[in-house]
Amino acid sequence: MRRATGWGARARRLGDRIQARLAARVRSPGPLAWPEPRVAGDPGRGRQLLRGRLRAGQAVVSVQDRSIWDLAEPEAARLHGFGWLDDLAAQGTASARLLAQAWTRDWIDREAKGTGPGWTAELAADRLIRCLGHSRFLLHPPGVGEDRLARVVAVHAAFLERRLRAAPAGRPRVAVLTSLILAGLTLPEGRSLALRAGRRLAEEAGRAIDPQGAIASRNPEELLDIADLLVTANRALTGADLVPDPAIGAAMARAAPTLRALRHADGGLARFHGGCRGAEGRLDQVLAAAGRASAAILRGRVTLWMGYARLAAGRTTVIVDAAAPPTGPASMTAHASTLAFELTSGRRPLVVSIGSGRIFGARWRQAGRATPSHSTLALDTVSSSRLGHPVPGEDGPRLAEVPARVLAEAGPPGEGQRIELAHDGWRASHGLTHARILELSGDGRCLWGEDMLTTLTAADRAVFDSALDAADRLGVPFAVRFHLHPDAEADAAADGSVTITLPSGEEWVFSGADEGMVALEPSIYLEEGRLTPRSAQQIVLSGRALQPTTRLRWTLAKGSGTPEGLRDLNPRADWDEEDEE
């Protein structure tokens with residue numbers, strides 16, 4: 001199976017190279033109707049670029065005296081998607097514009113003839129969308145040159161129309177079709193291309209976003225990406241006096257309630273399965289355009305949104321991964337995060353995961369996928385889902401083993417919100433099922449938790465006895481981890497409690513019952529846009545499973561002196577790379 005997939009990847013790369021060089025023969029199209037500008041980048045990253053520093057995989061590199069297209073690191077291929085153009089445009093200064101124009105001209109000189117690593121369907125689509133969206137930024141005097149940029153658009157449109165079928169389903173194919181719509185509305189006599197792409201996009205949107213508003217990867221940020229692309233395509237067709245297929249708007253409407261459910265109190269998305277919180281303001285724009293239709297999966301009395309459960313009260317949100325991870329091609333960025341949760345208080349994240357690590361290289365990306373990198377129970381250094389062997393041509397190894405059963409049910413009605421969860425990810429290896437209860441008080445000031453490891457059958461008990469024998473009857477070690485956001489300051493007390501202070505002035509106190517040991521240990525936080533990982537802390541509630549059932553109880557509650565409302569006007573302090581030295 002892996003061999004066949006490897007041959008398919010090589011055939012796809014060969015097809016990309018051939019079609020890119022054929023597309024490069026396209027003639028210049030003449031004057032174009034350039035679209036209105038769009039800015040969706042990060043000014044902080046723009047400042048990093050102006051100072052000549054960027055991250056390429058595991059290394060922070062300097063491009064002060066050389067072109068970014070000279071970078072040889074494998075991860076540098078993502079630069080060909082022109083994501084840096086968003087950040088320089090968001091920075092918006094004259095120096096940022098000149099740098100963006102210089103890098104774009106250099107790319108055209110080196111790569112526009114169909115050579116280089118940037119000629120894949122997804123990278124080319126992203127590059128075309130950004131060149132069109134920032135065309136006026138690039139054309140402002142002295143500029144890239146209108147004729148040169150127009151030819152780039154024509155070449156990309158020809159390449160992408162030929163390679164549409166080679167684009168993977170989901171976000172890549174939606175990006176290709178959106179870019180073809182934008183190019184068709186920009187090129188002379190391109191309306192027929194836009195109409196064809198619009199019809200195909202309606203079909204693809206229906207496949208990418210299912211009837212419950214979910215996508216196969218369960219990545220919240222990827223769902224936001226797809227919804228944003230659909231909004232962009234819908235708006236472009238409407239602005240050109242073309243009637244978009246209603247299926248595009250219907251897909252947007254299905255995605256909207258899921259995105260709202262996965263949004264924390266601070267406005268950022270939950271960071272699960274390879275996703276980040278999303279660029280500032282982007283989620284608001286998409287939700288404003290997508291409408292308010294609702295959809296949900298009902299299991300018992302728990303509403304699951306793309307496999308996540310949400311508890312919210314007062315100024316507190318808790319979002320829990322309450323379903324099995326994806327499998328197959330959709331699992332290349334999936335994490336072993338089953339039953340993990342995140343907690344945000346007001347405008348400040350408190351309990352988090354370490355993050356995807358996708359921009360920090362393969363080692364960090366793999367570390368971020370393991371169960372100990374999430375705020376849940378990890379058993380005997382074994383993740384609740386396991387990675388398979390890498391498949392040639394794919395971005396990362398898929399998940400090969402995931403829990404067979406994941407349960408999520410609402411607890412008995414009361415003043416607060418309660419959810420009861422379980423998964424059997426360690427049943428085959430240790431005979432143990434992990435059950436977790438989370439209950440958020442009605443005012444959002446206290447989260448009660450209970451984690452339990454238990455055997456369910458006589459066969460499970462036999463497997464557990466074997467695991468005990470392997471541990472010399474000393475018990476199977478486990479740890480319940482609570483990764484804290486790096487802005488949170490934690491101090492351990494002699495009584496085993498931990499006081500956590502947020503920049504807003506809020507205080508939270510973590511307390512564990514007598515069954516386990518509470519410790520405050522170093523952690524890490526992998527944040528999109530930062531050049532280096534950020535140091536953080538984690539609360540670790542550890543113990544050993546000696547009996548068929550082991551139970552740990554804990555609470556995370558606001559300090560009694562913390563008022564209901566606090567003025568917190570600066571949720572994300574302005575930063576640059578000098579803060580990371």
Side-chain angles (χ1 to χ4, degrees), residues 15-16 18-38 80-82 85 104 107-108 111-114 118-140 143-167 171-205 226 228-249:
D16 287 339
I18 292 172
Q19 294 300 336
R21 292 181 182 180
L22 290 174
R25 300 177 182 176
V26 171
R27 296 179 180 179
S28 180
L32 270 61
W34 299 107
E36 291 297 316
R38 59 179 292 272
H80 290 260
F82 277 38
L85 184 53
T104 303
W107 187 90
I108 294 172
E111 315 283 350
K113 294 181 180 179
W119 288 100
T120 67
E122 187 170 11
L123 284 174
D126 289 345
R127 188 167 57 243
L128 177 55
I129 290 171
R130 286 172 172 129
C131 283
L132 288 170
H134 300 299
S135 56
R136 302 189 185 188
F137 186 68
L138 294 173
L139 293 172
H140 190 282
V144 170
E146 188 166 0
D147 291 342
R148 298 183 78 195
L149 193 59
R151 190 170 186 281
V152 166
V153 173
V155 168
H156 278 69
F159 170 75
L160 289 168
E161 192 170 18
R162 295 168 178 171
R163 297 303 290 164
L164 173 60
R165 292 184 179 180
R171 193 266 177 202
R173 198 170 295 171
V174 170
V176 170
L177 290 165
T178 299
S179 68
L180 287 173
I181 290 172
L182 297 177
L185 298 177
T186 303
L187 291 165
E189 302 178 2
R191 288 173 74 90
S192 61
L193 171 62
L195 289 170
R196 291 196 303 274
R199 289 192 292 269
R200 293 291 300 273
L201 180 61
E203 299 171 4
E204 188 60 34
I226 293 174
D228 193 10
L229 289 166
L230 295 178
V231 167
T232 299
N234 213 49
R235 186 173 290 154
L237 290 167
T238 303
D241 294 327
L242 298 174
V243 179
D245 192 303
I248 299 176

Trainee: Hey, does Pro35 have a side-chain heavy atom less than 4.5 Å from the side chain of Leu185?
Mentor: no
Trainee: Rounded to the nearest 0.5 Å, how far apart are OG1 of Thr232 and CG of Leu237?
Mentor: 11.0 Å
Trainee: Which atoms form the tightest heavy-atom contact between Ala154 and Arg27, and what is the distance?
Mentor: CB-O, 4.3 Å
Trainee: Any chance you could measure Leu132, atom CG, to Leu138, atom CG, to the nearest 0.5 Å?
Mentor: 10.0 Å
Trainee: Testing Leu193, Leu201, Leu229 for side-chain contact (heavy atoms from CB on, under 4.5 Å) with Ile181, which one passes?
Mentor: Leu201
Trainee: Could you check whether any side-chain heavy atom of Leu128 comes within less than 4.5 Å of a side-chain heavy atom of Leu182, counting everything from C-beta outward?
Mentor: no
Trainee: On a heavy-atom basis, which atom in Thr238 and which in Asn234 lie closest, and how many Å separate them?
Mentor: OG1-O, 2.8 Å
Trainee: Mark yes when over 12 heavy atoms from residues, nucleotides or ligands other than Arg136 sit less than 6.0 Å from its CZ; otherwise mark no.
Mentor: yes
Trainee: Flag yes if more than 12 heavy atoms outside Arg200 fall under 6.0 Å of its CZ atom; otherwise flag no.
Mentor: no
Trainee: Any side-chain heavy atom of Glu161 within less than 4.5 Å of one from Leu164?
Mentor: no
Trainee: Are Val152 and Val144 close enough that some pair of their side-chain heavy atoms sits under 4.5 Å apart?
Mentor: no
Trainee: Check whether Trp119 reaches the backbone of Glu111 with its side chain - one donor and one acceptor, N or O, closer than 3.5 Å.
Mentor: yes
Trainee: With side chains defined as the heavy atoms from C-beta onward, is the minimum distance between Phe82 and Ile129 less than 4.5 Å?
Mentor: no
Trainee: Where do Pro29 and Pro188 come nearest, in terms of heavy atoms and distance?
Mentor: O-CG, 3.5 Å
Trainee: Can you find a pair of side-chain heavy atoms, one from Leu32 and one from Leu187, that are under 4.5 Å apart?
Mentor: yes
Trainee: Determine, stepwise, if the pair Asp241 / Arg191 fulfils salt bridge (Lys or Arg N to Asp or Glu O under 4.0 Å).
Mentor: CA-CA 11 Å; Asp241 294 327; Arg191 288 173 74 90; over 6 Å; no
Trainee: By side-chain contact (heavy atoms from CB on, under 4.5 Å), which residues pair with Ala125, not counting sequence neighbours?
Mentor: Leu160, Ala175, Val176, Ser179
Trainee: Please collect all side chain to side chain donor-acceptor pair (under 3.5 Å) contacts where either partner lies in residues 147-156, sequence neighbours excluded, each pair once.
Mentor: Asp109-Arg148, Arg127-His156
Trainee: Quick check: do Arg173 and Arg165 have side-chain heavy atoms less than 4.5 Å from each other?
Mentor: no
Trainee: Measure the CD1-CZ distance between Ile18 and Arg162 for me, rounded to the nearest 0.5 Å.
Mentor: 11.5 Å
Trainee: Could you give the distance from CG (Leu230) to CD (Glu204), rounded to the nearest 0.5 Å?
Mentor: 10.0 Å
Trainee: Report yes if some heavy atom in the side chain of Trp34 is under 4.5 Å from a heavy atom in the side chain of Val153; otherwise report no.
Mentor: yes
Trainee: Quick one: does any side-chain atom of Arg130 pair with a main-chain N or O of Gly81 as donor and acceptor, under 3.5 Å?
Mentor: yes
